[in-house]
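Hydrogens, waters and symmetry mates play no part in the numbers below; they use all other heavy atoms, side chains included. In this text the structure is predicted, and so the values were computed from the model without any measurement. Lettering of chains follows the sequences in order, A, B, ..., and the numbering in each one begins at 1.
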Number of protein chains: 2
Amino acid sequence: MTRQAAGATREKLLIAASDVFVEKGFRDATVAEICRRAGANISAVNYYFGSKKALYQEAWRHSFAESIAAHPQDGGVSEAAPPEERLRGQVKALIERIADESSKDFFISQMEFANPTGLLHEVMKSELIPLREKTLSVVRELLGPEATEEQVALCETCILGMCMHPLLMQRARQRLKIPEAPVVIHDLGAYIEHVMKFALAGIRAIRGQCRISRGPHR
Amino acid sequence: MTRQAAGATREKLLIAASDVFVEKGFRDATVAEICRRAGANISAVNYYFGSKKALYQEAWRHSFAESIAAHPQDGGVSEAAPPEERLRGQVKALIERIADESSKDFFISQMEFANPTGLLHEVMKSELIPLREKTLSVVRELLGPEATEEQVALCETCILGMCMHPLLMQRARQRLKIPEAPVVIHDLGAYIEHVMKFALAGIRAIRGQCRISRGPHR
DNA sequence: AACAATTTTAAATTCATATTTAAAATAAAC
DNA sequence: GTTTATTTTAAATATGAATTTAAAATTGTT
């Protein structure tokens, strides 16, 4: 057979692997199918990655890098913009990232909960904590100097939940073909604005309560 | 060997199965281990349930029924209470249900995303849609008669996300032993109140906007 | 106590798939 | 053009687990 350009087979395997892992999960995905889709031989996985598990981990990293590159965390909003706009940028980036059909990393993460391979330990520290830190700092600014770290963390958690859960469900609906599940989000932009309304109203409510609870009657 | 009381082996299998499926996922859970933990023979699963998959589905139903029985959807709040209190009851019930270490149904659902067995199709219609309908109706009341169904659905979705995602993450953290993941929720009661603050502030913001957009200048 | 129905048991079977192996093919180096 | 390193291939091996089978044990019934 004619040989591929250097690294081409490896790359094809990573892409095919992401697809198959997303479709079938770690255990139900077979090395055979991944190789077939990549147009490679059955032993290519072991040759290039050593094992199915190692391929799986590499495929996640590959998908994550691609999806973050396509949707940078700041959502295209400048560091100098007011905090409200920066939060909107981050919410927009996250929601669009999850909604983007080409991003696979969330599904691989979801799978990790079902079939843990230890990948999350690593990824948590190197990738997810830094992303979270950025959001915490914008929320901290919006809450003002009186807010406790506890309040900052709770607000960030709520915002993350409003972005993650609905969009993960929406994609699961398509992916697993569950027509019984309700379609709630018809327009991404409208949903982003809706989340922002909840987030800002919630943050304002917490701010208000801070001020009250520190009055002269205390 | 001495024989068990009628139905005892079956029940033990259901419980052992829930545990093992939660720990390992569908594929990585073995019939052998389930039987071992239930103190039953290797062929008990096929005798009582016909197949591993049928056991899995029965185990989910069993877990779901138990967890709903332990945390009824209304959260102990009367139908006659004001809508704000009824929403608080539902939020409390959901959050406490997910946090309850003995409830397994959420993890089995999460697994379904990774290793779909078709269970969700059924469950969606018979169990989840009715639960959602109840929440939608309280939210509808809170938003007032001017709100569109679209707005009602978006608000419910945000509230659900704030309850589900953080608590699922928290339990995944324990279950998969990921010390790297941040612990955000230290006190369930405080988190419930935090979610309620966001929910009510968000709903109020949407209400306000309705009123404005229907003014005389329209 | 004998019979029938149910439940439990251990062993055998079947099946699927990850991994290994070694040979063949190709490209790069000198 | 020969040698060397890399990549691809097909076949063989090993492994792990679900399922089936049929016999043995237990309980309930008359």
Side-chain donor-acceptor contacts of residues 173-184 of chain A below 3.5 Å, not counting sequence neighbours, with atom names and distances?
from	atom 1	to	atom 2	distance (Å)
A:R173	NE	A:A181	O	2.8
A:R175	NH1	A:V22	O	2.8
A:R175	NH2	B:F113	O	3.1

- Specify the separation, in whole Å, of atom CG of B:N41 and atom P of C:dT7. 14 Å

- Using whole Å, report how far CZ of A:R10 lies from C1' of D:dT8. 17 Å

- Here the distance between atom P of C:dT19 and atom CG of A:L55, to the nearest Å, is 10 Å

- Query: Reckon A:Y47 has a side-chain N or O less than 4.0 Å from the OP1 or OP2 of C:dT20?
  - Reply: no

- Task: For B:S18 and B:L14, indicate whether the former's side chain and the latter's backbone hold a donor-acceptor pair under 3.5 Å.
- Result: yes

- Note on the structure: To the nearest angstrom, the CD-P distance between A:E11 and D:dT7 comes to 15 Å

- Item | Any residue meeting ring-ring contact (aromatic ring centres under 6.0 Å, His included) with B:F64, in chain and number order, not counting sequence neighbours | B:W60

- Query: How would you list, by chain and number, every residue that makes a salt bridge (Lys or Arg N to Asp or Glu O under 4.0 Å) with A:E133, sequence neighbours excluded?
  - Reply: none

- Non-neighbouring partners of A:R88 that pass salt bridge (Lys or Arg N to Asp or Glu O under 4.0 Å), sequence neighbours left out: A:E85, A:E193

- Using ring-ring contact (aromatic ring centres under 6.0 Å, His included) as the criterion, list what pairs up with A:Y56, not counting sequence neighbours. A:F21, A:F26

- In whole angstroms, how far is the P atom of C:dT7 from the NZ atom of B:K12? 15 Å

- Reading 5' to 3' through nucleotides 16-23 of chain D, protein heavy-atom contacts under 4.0 Å coded B for base, S for sugar-phosphate only, - for none: -SSBBB--

